[in-house]
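Worksheet: the structure to be examined is printed underneath.
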2 protein chains.
Amino acid sequence: MIKGPDHLTGEDRPHLYMDDFDSQLKKRKMADKKYQMDKKIGELKYTDLYPHDRNGKEVSEAMLKQLTEVLLDFVNETNDRKCKVLDFHHPEDMKKLLDLSIPQDGLPLQTLIDDCARTLKYQVRTGHPHFFNQLSCGLDLVSMAGEWLTATANTNMFTYEIAPVFILMESVVLSKMREIIGWKGGDSILAPGGSVSNLYAFLAARHHMFPNYKEKGQSSIGAQLVMFTSDQCHYSVKSCAAICGLGTDNCVEVPSDEHGRMIVSELERLVLERKSKGQIPFFVNCTSGTTVLGAFDPINQIADVCQKHKMWLHIDAAWGGGLLLSKKHRHPRFSGVERADSVTWNPHKLMGTLLQCSTIHFKIDGLLLSCNSMSADYLFMTDKLYDIKYDTGDKVLQCGRHNDIFKLWLQFRAKGLNGFEAHMDHLMEMAEYLVERIKADKDKFYLILEPECVNVSFWYIPKRLRNQPHNQQRINELAKICPIIKSKMMEQGTMMVGYQPDDRRPNFFRSIFSSAAVQKDDVDFLLAELDRLGQDL
Amino acid sequence: MIKGPDHLTGEDRPHLYMDDFDSQLKKRKMADKKYQMDKKIGELKYTDLYPHDRNGKEVSEAMLKQLTEVLLDFVNETNDRKCKVLDFHHPEDMKKLLDLSIPQDGLPLQTLIDDCARTLKYQVRTGHPHFFNQLSCGLDLVSMAGEWLTATANTNMFTYEIAPVFILMESVVLSKMREIIGWKGGDSILAPGGSVSNLYAFLAARHHMFPNYKEKGQSSIGAQLVMFTSDQCHYSVKSCAAICGLGTDNCVEVPSDEHGRMIVSELERLVLERKSKGQIPFFVNCTSGTTVLGAFDPINQIADVCQKHKMWLHIDAAWGGGLLLSKKHRHPRFSGVERADSVTWNPHKLMGTLLQCSTIHFKIDGLLLSCNSMSADYLFMTDKLYDIKYDTGDKVLQCGRHNDIFKLWLQFRAKGLNGFEAHMDHLMEMAEYLVERIKADKDKFYLILEPECVNVSFWYIPKRLRNQPHNQQRINELAKICPIIKSKMMEQGTMMVGYQPDDRRPNFFRSIFSSAAVQKDDVDFLLAELDRLGQDL
């Protein structure tokens, strides 16, 4: 059904794969473009730019405009299906292609522009329509515009004093996100990634339930604290136990069912088991969208157990959170989400916000401040000109905090709530389309499970393994070819899709749809290209 | 000596203050600039951009070029001494000046451009030559160019697979930084801010000394762990104790001398005191450049105590680290730095790298991995195409990690080591010049201490308090006027300089030189403007 372009000049060459032979060549060889600045300006150095030269306007503008040309070309290539996704070289070879050295004396502006062009030449185009590799991908140009502005504004997010507009934007956007979760009030903060967001939740839970812990530490409790999460959870949950003094042995992994969802009866059994040892179960992590399979733990059932045993319910929706924006896909995945005490939700995943943009939300207001405040009186004075309730610095684990809000706010302005909903529905439609295509071509592909999210897990079946019973022996063979196909696609640069083992099976492909760039013909390409690369393995 | 421009039209109006009356007006009123896109394009929406529209090249380029104009104007204004530093409004008023709302349907591209222009209009120009307010300031255009590229490349730093060039850059730059510290080998990582870098150090120390802690937690040790830091340290050090299970009561604050440096005999006394209680002192934080006073703890003496009592020596040089690059200023401040087990060093402070860019360095290689590894087999497989020793993801606390290296690497290329050294010497020269000017005008200014770094701490003395004994009564009065002057400078938008109390004295001004934009006449302006705003208070 899906034809691989074995014979690039043959008349039955599938139009899905590549428009013509020239474009194939273009994909194989990436040109080394030259961005030639005006020679006089190119020979100048950083000392001729603002602020070193007070009259640096002309040179500064020339340098930044030249850079913009380099960046626009990268944007255009990223969106050109005839361009490669990457130009792969092994680390030791790559070092020879680049000059990464730190010089004693600074280099001229032309060299810096060349550095930028060369860096992008060898960078993976994570926004390319044939990049299916990562949970965070795509190149949302509005969010990118937001990040260019963020860089130019270069400020820190701890006080209204130095980030007035951005601080207000955080308040507006985070309130809206809590409203979408289903809460009135509450509090939120942006964190450098979902792992830190989960850490915030852990710390707030511990502080809320054991208010002396902050000053007195573990010794103030006596008994061992225990946390629970499914065996499919993100590894950062376990990391909280290592960082915060529980030890990973006290982060209990609850078994999951064949879909990857936590088995709630097992949760309760394990809670009781730990209680019987005199330990204190206090925190349950419920994953909404597991990393590999995209499974959603059953929130309402877990919330019942938490209520019964007085444990904090945290929902790690770093991955699945975006689906809260879709009426069609929100339920039943997120039914009961409003019962959680805290929710991690990463806009830099399904929402396509540029890296990084992670949020953590709390049902109870005031907890972030009382948990994390160290009352640094050099920053958070109370005799300021303005209403200091807007200062966020004393609520956060970091001191300096990157501005991660503008790129997200600008996206909200561009797309509106309806645009984000359409985006989510599109991503899910692409995943459904892939599932449908895989099912329709059972000879060549094996679907591992019906996905709940945009993760599609499958094996590719080379010719020699077709029409054979799907037993452990075949699975082991299918698993072996995953890294080989992956190597080939990277070396040829035509596509990227990830593979991994999990706790039940050896290597399998996991295709991710989180980029707005992907359309149905890109899904067709994904399958055709796997077949081209793998059929004779 | 320094004349305030009381009478803006008077013939003795100091040239230092303002070139002419028109420019004063310009500083007071910031124009609401209009960036009018081609009407046809301006009415389009995000769906007409790449990747939503496959033929989105023209519209995407038009939008990004228009944005670049907005950003270049902001860069120009930031570098224009006749422009305001900020256009202050109280939060409730600011909300009325902006439309921050999240719409149901997306807004046209022209509105997004207007949003960008308006955001920057009300944003504080942290790179302005009259912004002396924060440890991280300045607008280094090379680093900014780097951050624009970083946004456009939009990738994650966990594997060589998706960030090949950037991963190699990290290796080159971090090795060079360790070499500058004085180590051969070792390991490093970039973290989202100095607070997280300090947390990395704490965790590595605990893991190194108590390898079972990761799995078994606090209960595997029995005795109470204790850490030590000076009473002038950054609050994030104390925060480690709260996060990691020690409790802040077990982060012992060692008294400092009148310069703000740790008293090492007190450190040893407190270590012995805790030992006598059966507790385990294991970690000492030595600050190189305290936040308020810019003091440097005596490394060699502290290292002796650590050696004697087998404690980990961490140096928090988040602030002072840049001075490692200056032959003139490195010693005696950093004498003995190579004896440390770990060093935090934030390029986003003295080195002027855009926010965020923080590094943490370890003398021992392999510790980051063994401490933080959670071995997520979906990301860090061992059957990859390339040499996986380049993958950094399993060494870090976060999973996804922002690319913070390119902007720093590009700065190193632009400046070279010599350029960075010149930058450090310039910043110190500006601080020395301010000290000299303050000393020369004892009537109007009171220097609180001889600084070791670019923090200059002083009081401004209004007319009514001149020629009076400098006793507690006068100090209390001087302290009261700090927030008043600060309010006036913010409302008028002419300048920003911070004030705060510390543990020995009430409010005082602390001027920071970390921006390459600041020249001697800007220092003159700082003093003249304080005098203009404060003389009648």
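Ion pairing between B/K415 and A/D105 fails under the 4.0 Å rule for side-chain N and carboxylate O. Salt-bridge formation is detected for the pair A/E161/B/K486: a Lys NZ or Arg NE/NH1/NH2 atom is positioned less than 4.0 Å from an Asp or Glu carboxylate oxygen.
Most heavy-atom pairs under 4.5 Å with chain A, from the set B/G498, B/G400, B/G193, B/P164: that is B/P164. Ranked by heavy-atom pairs under 4.5 Å with chain A, the first of B/E491, B/E215, B/M144, B/Q519 is B/E215. In terms of heavy-atom pairs under 4.5 angstrom with chain A, the leader among B/L355, B/T126, B/V124, B/T78 is B/L355. Ranked by heavy-atom pairs under 4.5 Å with chain B, the list A/K214, A/K57, A/Q104, A/H402 is led by A/Q104. No other option in A/G217, A/A153, A/A414 has as many heavy-atom pairs under 4.5 Å with chain B as A/A414. Ranked by heavy-atom pairs shorter than 4.5 Å toward chain A, the options B/T150, B/L410, B/V196 are led by B/L410. Ranked by non-hydrogen atom pairs under 4.5 Å with chain B, the options A/G146, A/P103, A/C116, A/G56 are led by A/P103. When each of B/G194, B/C137, B/S239, B/G419 is checked for heavy-atom pairs under 4.5 Å with chain A, B/S239 comes out on top. Chain B forms the most heavy-atom pairs under 4.5 Å with one residue out of A/L141, A/N346, A/D140, and that residue is A/L141. When the candidates B/G127, B/A145, B/A163 are compared by the number of heavy-atom contacts under 4.5 Å with chain A, B/A145 comes out ahead. The residue among A/V142, A/L246, A/D115, A/T155 with the most heavy atom pairs within less than 4.5 Å of chain B is A/D115. Among the candidates A/M490, A/K45, A/K238, the residue making the largest number of heavy-atom pairs closer than 4.5 Å to chain B is A/M490.
For A/Y390, the part sitting under 4.5 Å from any heavy atom of chain B is the side chain, from C-beta outward, and nothing else. For a residue to count as touching a neighbouring chain, one of its non-hydrogen atoms must lie under 4.5 Å from one of that chain's; by this rule B/V518 does not touch chain A. Contacts of A/V70 with chain B are absent, with no heavy-atom separation under 4.5 Å from either backbone or side chain. With a threshold of 4.5 angstrom between heavy atoms, A/L49 approaches chain B through side-chain atoms but not through N, CA, C or O. If you measure heavy-atom distances from A/R54 to chain B, the contacts under 4.5 Å come from the side chain alone. Only the side chain of B/K176 has a heavy atom closer than 4.5 Å to any heavy atom of chain A. With a 4.5 angstrom heavy-atom cutoff, A/L149 touches chain B via backbone and side-chain atoms both. Of the two parts of A/L203, only the side chain, counted from C-beta on, holds a non-hydrogen atom closer than 4.5 Å to a non-hydrogen atom of chain B. Contact annotation for A/Y50: both backbone and side-chain heavy atoms come within less than 4.5 Å of a heavy atom of chain B. Heavy-atom distances place the side chain of B/L67, and not its backbone, under 4.5 Å from chain A. Heavy atoms closer than 4.5 Å to chain A are found in the side chain of B/N133, but not in its backbone. Proximity to chain A is limited to the side chain of B/Y160, based on heavy atoms less than 4.5 angstrom apart. Contact annotation for B/Q224: only side-chain heavy atoms (C-beta onward) come within less than 4.5 Å of a heavy atom of chain A. When heavy atoms are compared at a cutoff of 4.5 Å, B/Y213 approaches chain A by way of both its backbone and its side chain.
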Worked verdict on B/K216 versus A/N250 for side chain to side chain contact (heavy atoms under 4.5 Å, CB included): CA-CA 7 Å; B/K216 305 291 175 195; A/N250 298 303; over 6 Å; no
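Contact record, A/T152 with B/F74: O-CE2, 3.5 Å, taken as the closest heavy-atom pair. Here the closest non-hydrogen pair linking A/A151 and B/L354 is O-CD2, 3.1 Å. The shortest heavy-atom contact between B/I162 and A/F131 is CG2-CZ, 3.9 Å. Nearest heavy-atom pair across B/W409 and A/D99 is CZ2-O, 3.5 Å. Minimum interatomic distance between B/A516 and A/P51 (heavy atoms only, all atoms of both residues): C-CG, 4.0 Å.
For B/K407, the salt bridge (Lys or Arg N to Asp or Glu O under 4.0 Å) criterion is met by B/E147, B/D404, not counting sequence neighbours. For A/S195, the side chain to side chain contact (heavy atoms under 4.5 Å, CB included) partners at least two apart in sequence or on another chain are A/H234, A/S236, B/C399.
Between B/Y386 and A/S487 there is no side-chain heavy-atom pair separated by less than 4.5 Å. Between A/L385 and B/H90, some side-chain heavy-atom pair lies under the 4.5 Å cut-off. At least one side-chain heavy atom of B/C244 sits under 4.5 Å from a side-chain heavy atom of A/I243. Residues B/K121 and A/V165 are not in side-chain contact: their nearest non-hydrogen atoms beyond the backbone lie 4.5 Å or more apart. Under the 4.5 Å side-chain criterion, counting only non-hydrogen atoms from C-beta, B/V75 is not in contact with A/E61.
With 3.5 Å as the limit, one finds a donor-acceptor pair spanning the side chains of A/N507 and B/D383. Side-chain contact annotation: B/T68 with A/W148, donor-acceptor N/O pair under 3.5 Å absent. For the residue pair B/Q356 / A/N156, no side-chain donor-acceptor distance below 3.5 Å is found, with atom types taken as modelled.
For B/R413 (side chain) and A/S101 (main-chain N/O), a donor-acceptor pair under 3.5 Å exists by modelled atom type.
In this structure, B/L100 CG and A/S171 OG are separated by 9.0 Å, a value rounded to the nearest 0.5 Å. Atom CG of residue B/N403 and atom CD of residue A/Q123 lie 8.0 Å apart, to the nearest 0.5 angstrom. The CG atom of B/L168 lies 8.5 Å from the CD atom of A/E92; values are rounded to the nearest 0.5 Å. One finds the CD atom of A/Q398 at 10.5 Å from the CG atom of B/L199 (value rounded to the nearest 0.5 Å).
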